[in-house]
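Read through the structure below, which is laid out as structure tokens, and then see the notes.
Numbers restart at 1 for each chain; the letters A, B, ... are given by sequence-line order, proteins then strands.
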Amino acid sequence: MATLALQGLHKRFGTVTALDGLDLELASGELVSLLGPSGCGKTTALRIVAGFEVATSGRVQVAGRDVTDVPANKRDMGMVFQAYSLFPNLTAAENVEFGLRVRRQAKAARAAKVAELLELVGLASAAGRYPYQLSGGQQQRIALARALAIEPSVLLLDEPLSALDAKVRVNLREEIRRIQLELGITTLYVTHDQEEALSISDRVAVMSQGRLEQVGTPAEVYRRPATPFVAEFVGTVNRLTVRVVDPAAGIVEHRGRRLETAEPLSLTAGAETRLLVRPEALVPSLAGADGTADGIGGRVVGTSFLGAVTRLWVDLGDGAVVAADVQSAAADAFTPGTAVALSIRPGAGRVLASDRSEADPVVAELPA
Amino acid sequence: MTALTDAPVVVDEAVGTRRPRPRRRSLAWLGAVPFLAYAFLFLVLPGVSVIVSAFQNTNGSFTTQWVRDLFQGQFLSANVNSLELAALSAITGGVVGFLAAYAVVTLGRPRWLRSFVTTFSAVAANFAGVPLAFAFVATIGSEGAMTKLLENALGVNISSFNLVSVTGLVVVYTYFQIPLMVLVVAPALDGLRREWREAAANLGASATQYWLRVGLPVLAPSVIGAMLLLFASGFAAYATAVALTSGLVNLVATLIGNYLSGNVIAQPQMGQALGLDMLVVLFVAVGLYLLLQRRASKWVR
Ligand SMILES: Nc1ncnc2c1ncn2[C@@H]1O[C@H](COP(=O)(O)OP(=O)(O)O)[C@@H](O)[C@H]1O
Ligand SMILES: [Mg+2]
């Protein structure tokens, strides 16, 4: 297997800058997700890697070899498209066989490879069916088998699950990861679905407006978002406007209530900033009498059962509603109307403070 | 909730399992009555009457004489001419029209080109009869403007080319066959997905390999189907042929016209037999077209 490197990729379409300097390296056998909102340039990056689009500037390397000027049909990359990419006039097996025929492999070798791959994606029984006789999920499995048949150096997937039902989506993403691990193939996976990216990737590269915001393991990106954008895009966050009380001790104040963040802040006392807190780092307690300990007072206005945890929607009194998670077993105490006090989970890991401007908020992290 | 099991469970949408719907009596068909009545009165009834009369003697008894006559003498040669004209004009119009449609669809630029070509084709496909014949006589007829221009400017003499012949008719017919092909085949070209071309390239195929294994096979039903439509229209076209040749070229359509206008009064049943002849040719062409169309629409969803 091979390493893949995207170096300083720029791409302009007329006046639109789709990629604004993208650098990303994939280790051999690694699955990296390009994660970002629609229009941030994910597809463009993938198409440049595949050779369907020419970068305005920048290079692409596979296993240390520069492939920037190699035509798409000579790159030996496997690509899975969003949907409807199977050749409609060929059966599932013939689709998988396509790349092998083009390579003029012997008939017996082709047949063996096709059988092996159909088995791998769990569709051996569908060999003779045409694409229109397959469900969306089955089509994507065949597309994956077809891309893998040529034993590509890298595998590229562009939102391969976005056209499928939620349930199929979850199943198939596990399947893709299983196969990827089994083959140990270097994989670049494009998605706008943060849950999908976090669940199957070795590393996640979060993109915004043609640039990388952060590259890290799913846990790093979730727990230690490098930028406010990442914090907001990956997972759910609450935004609180706070005033710095004691920067050295990491203490801030929300409308007179003290909140402890775990790390020193590089802001001056009295500065106003925004504190970003994950729902699971915001701990609600029953506020018996008025003014129990430190914390933000509020009233539960709704609950959503999410399985292991229940999400409380807490009105802070000024119209701002924040989300706080409690174990579902303990959720009965927090019926709508209940007065609660919210604190940041004690020892809540690292706090990321921006030292640039008040527009850049503070991010409170989850306990490790 | 789904149960967790230790074996990987493959959940996928079921495909092709259609539950039988409980049959319900509906009055929706009532809305189709006017249409069905119309179709019966103006399509089925005349068709049946043509078929019946083609097998009737002057005294009303059954005979196959007229139909047998279709395979002899001037009737046979009319069939040969008509088939030749239809086939040649369909192939010429089909190939040129396909290439034109392909150019317009894939170029995509400038934006107005597509709508211009489509609109022009819609008009040109219906340009037939006396005006079309006149246009050709006036340009490439023996005294035509283009004929003179070529002769005077380039010394090329095309005045020996006879418009009043099957070949001449083929040339004239392509004038509406090409635009007809553009109109019919452009949607099929739109149906070729970019993903197919890119997936093929990604798998190592050259442009030629893509066209041979995917592009052309996918388009084939639509292209052949469209050419069958051209064939049918070339076989049945009447006004242009009469205007251009005044019946001097022996064709099924013009023969029928002769019977219809009463130029030949001896055997009216022969006219019916010729009508049956044309019906059969059109039925076969359109039937094949529909078959291919079904296949094409299955692929390109
Ligand atoms: N062929 C193109 N022509 C013009 N603009 C394009 C083209 N492809 C992409 N873009 C623009 O580039 C930006 C990035 O697009 P894309 O890479 O498709 O984003 P994503 O896949 O992240 O949704 C978008 O603003 C899009 O409109
Ligand atoms: Mg995209």
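For the residue pair A:R146 / A:S85, a side-chain donor-acceptor distance below 3.5 Å is found, with atom types taken as modelled. Between the side chains of A:Q138 and A:R141, not a single donor N or O lies within less than 3.5 Å of an accepting N or O.
Sorted by first then second residue, the salt bridge (charged side-chain N to carboxylate O under 4.0 Å, His left out) pairs that include residues 179-190 of chain B, not counting sequence neighbours, are B:R114-B:D190. Residues in residues 80-97 of chain A take part in these salt bridge (charged side-chain N to carboxylate O under 4.0 Å, His left out) pairs, two or more places apart or across chains: A:E97-A:R110.
Between the side chain of A:D158 and the main chain of A:V190, no donor-acceptor pair closer than 3.5 Å is present.
Interface summary for chain B: among A:A50, A:G51, A:A72, the most heavy-atom pairs under 4.5 angstrom belong to A:A72.
Only the side chain of A:R103 has a heavy atom closer than 4.5 Å to any heavy atom of chain B. Neither the backbone nor the side chain of A:A149 comes within contact range of chain B; no heavy atom of the residue lies under 4.5 Å from a heavy atom of that chain. With a 4.5 Å cut-off on non-hydrogen atoms, A:L100 does not touch chain B at all. Neither the backbone nor the side chain of B:R197 comes within less than 4.5 Å of any heavy atom in chain A. Looking at B:A207, there are no atoms closer than 4.5 Å to chain A (heavy atoms on both sides), in backbone or side chain.
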